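Worksheet: the structure to be examined is printed underneath.
Start at 1 and go down the list; that is how both ligands and their atoms are numbered. The structure presented is a predicted model; accordingly, all values stated were derived computationally and were not measured.
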Amino acid sequence: MADQAFVTLTTNDSYTKGALVLALSLKQHGTTRRLAVLATPQVSDSMRKVLETVFDEVIMVDVLDSGDSAHLTLMKRPELGVTLTKLHCWSLTQYSKCVFMDADTLVLANIDDLFEREELSAAPDPGWPDCFNSGVFVYQPSVETYSQLLALLPSRVVLMVHKSGDQGLLNMYFSSWATTDIRKHLPFIYNLSSISIYSYLPAFKAFGANAKVVHFLGRIKPWNYTYDPKTKSVKTESHDPTMTHPEFLSLWWDIFTTSVSPLLQQFGLISDTHPHLNVVGSVSSFSRHGVFGALAFMILLYPQKKRKERWEQGQADYMGADSFDNIKRKLDTYLQ
Ligand code: UDP
Ligand code: GLC
Ligand code: MN
């Protein structure tokens with residue numbers, strides 16, 4: 001199976017932690033496929049060396065953006081450029097078939113059966129199920145597809161219609177996904193986003209036990225939390241949607257502390273007295289100040305505009321700022 005691979009992407013040291021946990025979770029569940037990671041030069045040399053110990057192949061790529069930075073700035077979506085880097089995965093023609101997985105996904109069971117599917121197979125997006133979510137997809141590397149996707153990048157129309165990075169662009173390119181072939185609709189358990197757990201708890205209770213891949217979709221990632229190695233748990237607050245099912249977060253951290261921390265220590269990236277704390281350059285304020293830091297960030301610094309953007313992206317904070325009570329209160333003030 002040397003010509004098939006799981007592929008992920010990281011553009012910095014924080015997402016590299018996610019990529020490492022993902023790869024180790026794939027190995028833990030006995031994958032027979034190769035593991036490849038696309039990394040950009042912003043990933044530090046030491047972290048790159050750690051990647052090399054876990055992945056079969058580390059492929060250096062340039063950050064891909066739309067080539068239209070003025071327009072992106074106008075749309076106030078500078079991060080679009082970064083996720084578009086994902087498109088480089090079509091250039092890996094040394095493989096005949098691949099499964100791309102976001103660095104914020106975690107594998108809970110063997111998913112090698114995904115290689116029986118054809119391009120482009122993906123699960124529905126929880127926010128807009130007629131679109132697929134681009135966090136997990138089966139694809140076929142191809143010079144032709146790669147160049148056609150890159151050719152779409154400068155298209156203002158594409159970016160204006162889909163203000164959502166690679167996911168919008170890929171849905172536009174593979175536009176028949178929604179209607180043409182049901183075999184290309186992966187079951188949701190192959191890309192269970194944490195967002196769906198609290199937005200449809202009864203379904204999660206019925207089907208969640210079969211989950212094969214968890215996707216920590218959204219702004220706050222597993223590595224942003226504070227982990228208590230003594231209790232083997234993650235500190236979360238009641239407003240936090242992941243609170244509904246913190247086991248997945250604990251599982252992520254369990255792999256991190258057991259298998260990633262020793263590697264980071266080996267490469268001098270974290271201290272051995274606090275192996276659970278990130279002391280690499282890109283320490284996030286969330287991991288240093290815990291969930292109170294995150295809360296303060298949301299209340300004090302997170303502008304309303306950003307919240308509106310996230311709402312429009314289907315990433316509403318149902319249990320917090322966008323909870324029913326808060327929305328009702330807002331509506332009441334308008335009605336008065
Ligand atoms: N990514 C990255 N660096 C970034 C942002 C994103 O490497 O600064 C990659 C990473 O593989 C990540 C994917 O792009 O999993 C998609 O971004 P993210 O998972 O943050 O989006 P979400 O799933 O939360 O919408
Ligand atoms: C989506 C997907 C992610 C993608 C991002 C930008 O929500 O989860 O994989 O990279 O948004 O399109
Ligand atoms: Mn993601």
Side-chain angles (χ1 to χ4, degrees), residues 6-23 25 35-44 47-48 51 55 58-66 72 75 77-89 99-107 120 122-129 131-137 139 149 152-153 158-159 161-174 186 188 190-196 213-224 241-242 248 252 282 284 286 306 309-317:
F6 285 100
V7 179
T8 188
L9 160 72
T10 174
T11 68
N12 57 45
D13 284 0
S14 297
Y15 276 90
T16 299
K17 290 185 230 163
L20 290 165
V21 170
L22 165 64
S25 70
L35 302 181
V37 56
L38 304 170
T40 61
Q42 292 72 27
V43 175
S44 67
M47 277 303 236
R48 204 162 73 213
L51 283 173
F55 284 84
V58 180
I59 302 123
M60 295 309 292
V61 293
D62 291 330
V63 169
L64 211 56
D65 62 34
S66 74
L72 287 179
M75 294 196 315
R77 292 295 312 276
E79 77 276 19
L80 280 181
V82 171
T83 67
L84 288 169
T85 308
K86 204 183 276 187
L87 301 184
H88 282 307
C89 73
V99 173
F100 181 90
M101 301 186 75
D102 268 9
D104 61 342
T105 56
L106 173 69
V107 167
L120 185 289
D125 183 75
W128 196 266
C131 289
F132 59 83
N133 181 272
S134 62
V136 176
F137 58 87
Y139 75 99
L149 286 168
L152 287 177
L153 282 184
V158 169
L159 291 170
V161 174
H162 297 283
K163 298 180 183 180
S164 54
D166 65 284
Q167 181 161 308
L169 188 136
L170 290 174
N171 270 279
M172 184 167 238
Y173 186 81
F174 295 102
L186 295 182
F188 201 58
Y190 285 89
N191 186 353
L192 175 69
S193 58
S194 27
I195 237 166
S196 317
V213 178
V214 175
H215 185 179
F216 297 99
L217 189 149
R219 188 179 179 87
I220 305 178
K221 302 300 185 192
W223 51 89
N224 297 133
T242 43
F248 293 133
W252 188 95
S282 57
S284 84
F286 297 147
K306 273 263 175 281
E309 275 170 21
R310 292 188 62 75
W311 174 272
E312 286 167 359
Q313 287 165 29
Q315 296 174 358
D317 180 12

(message) Closer than 3.5 angstrom, by distance alone: can the side chain of Gln167 be matched with the main-chain N or O of Ser134 as a donor-acceptor pair?
(response) yes
(message) Tell me the contacting part of Asn12 for ligand 1: side chain, backbone, both, or neither, using a 4.0 Å heavy-atom threshold, strictly below.
(response) side chain
(request) Using modelled atom types only, decide if a donor and an acceptor are shared between the side chain of Asp13 and the backbone of Ser44 within a distance under 3.5 Å. (result) yes
(message) What's the separation between atom OG1 in Thr85 and atom CG in Asp62, rounded to the nearest 0.5 Å?
(response) 9.0 Å
(message) Using a 4.0 Å cut-off to any heavy atom of Asn133, which atoms of ligand 2 qualify?
(response) 2 (C), 7 (O), 8 (O)
(message) Does any N or O of ligand 1 fall below 3.5 Å from an N or O anywhere on Leu9, backbone included?
(response) yes
(message) Using the rule side-chain contact (heavy atoms from CB on, under 4.5 Å), only one of Thr8, Asp102, Val61, Leu38 pairs with Lys86; which is it?
(response) Asp102
(message) One residue to check: His215. Relative to ligand 1, which of side chain, backbone, both or neither has a non-hydrogen atom less than 4.0 Å away?
(response) side chain
(message) Taking distance alone, with N or O pairs closer than 3.5 Å, would you say Thr83 contacts ligand 1?
(response) no
(request) State whether the shortest distance between N or O atoms of Thr83 and N or O atoms of ligand 2 falls below 3.5 angstrom. (result) no
(request) Of the side chain and backbone of Val82, name the one, both, or neither that has a heavy atom under 4.0 Å from an atom of ligand 1. (result) side chain
(message) Working note: Leu87 + Leu169, criterion side chain to side chain contact (heavy atoms under 4.5 Å, CB included); need CA distance, chi angles, decisive distance, verdict.
(response) CA-CA 10 Å; Leu87 301 184; Leu169 188 136; 4.0 Å; yes
(request) Specify side chain, backbone, both or neither for Leu217, according to which of its non-hydrogen atoms lie closer than 4.0 Å to ligand 2. (result) side chain
(request) Considering the heavy atoms of His215, write down every atom of ligand 2 situated less than 4.0 Å from one of them. (result) 8 (O)
(message) For a 4.5 angstrom cut-off between non-hydrogen side-chain atoms, does Met101 reach His215?
(response) no
(message) Are Phe137 and Phe174 packed together at the side-chain level, in the sense that at least one heavy-atom pair is separated by less than 4.5 angstrom?
(response) no
(message) Side chain or backbone, does Asp125 bring an N or O within less than 3.5 Å of an N or O on ligand 2?
(response) no
(request) Ignoring hydrogens and angles, tell me if any N or O in the side chain of Lys221 forms a donor-acceptor pair with the backbone of Asp104 under 3.5 Å. (result) no
(request) Keeping waters out of it, list the protein N, O or S atoms under 2.8 Å from the Mn ion (ligand 3). (result) Asp102 OD2, Asp104 OD1, Asp104 OD2, His215 NE2
(message) Is any side-chain heavy atom of Leu192 closer than 4.5 Å to one of Val213?
(response) no
(request) Check ligand 1 against Asp104 and write out every atom of the ligand that is under 4.0 Å from a heavy-atom position of the residue. (result) 15 (O), 19 (O), 23 (O), 24 (O)
(message) Suppose we screen for side chain to side chain contact (heavy atoms under 4.5 Å, CB included). Which residues come up paired with Ser25, at least two apart in sequence or across chains?
(response) Leu22, Leu106, Val107, Ile255
(request) Enumerate the atoms of ligand 2 whose separation from the nearest heavy atom of Gly135 is less than 4.0 angstrom. (result) 9 (O)
(request) Report yes if Ala103 has an N/O atom closer than 3.5 Å to an N/O atom of ligand 1; otherwise report no. (result) yes
(request) Tell me, with the steps shown, if Thr10 and Val37 meet side chain to side chain contact (heavy atoms under 4.5 Å, CB included). (result) CA-CA 7 Å; Thr10 174; Val37 56; 3.9 Å; yes
(request) Side-chain contact test, heavy atoms from C-beta onward, threshold under 4.5 Å: evaluate it for Tyr139 versus Cys89 and give yes or no. (result) yes
(message) Within the structure provided, determine whether Asn171 and Phe132 are in side-chain contact (heavy-atom separation under 4.5 Å).
(response) yes
(message) Quick check: do Leu9 and Tyr15 have side-chain heavy atoms less than 4.5 Å from each other?
(response) no
(request) Check each atom of ligand 1 against the heavy atoms of Gly218 and keep those under 4.0 Å away; list them by number with element. (result) 24 (O)
(message) Give the atom numbers and elements of ligand 2 that come within less than 4.0 Å of a heavy atom of Lys86.
(response) 3 (C), 4 (C), 9 (O), 10 (O)
(message) With a 4.5 Å cut-off on side-chain heavy atoms, are Val58 and Val43 touching?
(response) no
(request) Flag Thr11 as yes when one of its N or O atoms lies below 3.5 Å from any N or O atom of ligand 1, and as no otherwise. (result) yes
(request) Please could you name the atoms of ligand 2 that Gly165 approaches to less than 4.0 Å, counting only its heavy atoms? (result) 12 (O)
(request) Indicate, as side chain, backbone, both or neither, the part of Lys221 found under 4.0 angstrom from ligand 1 when only non-hydrogen atoms are considered. (result) side chain
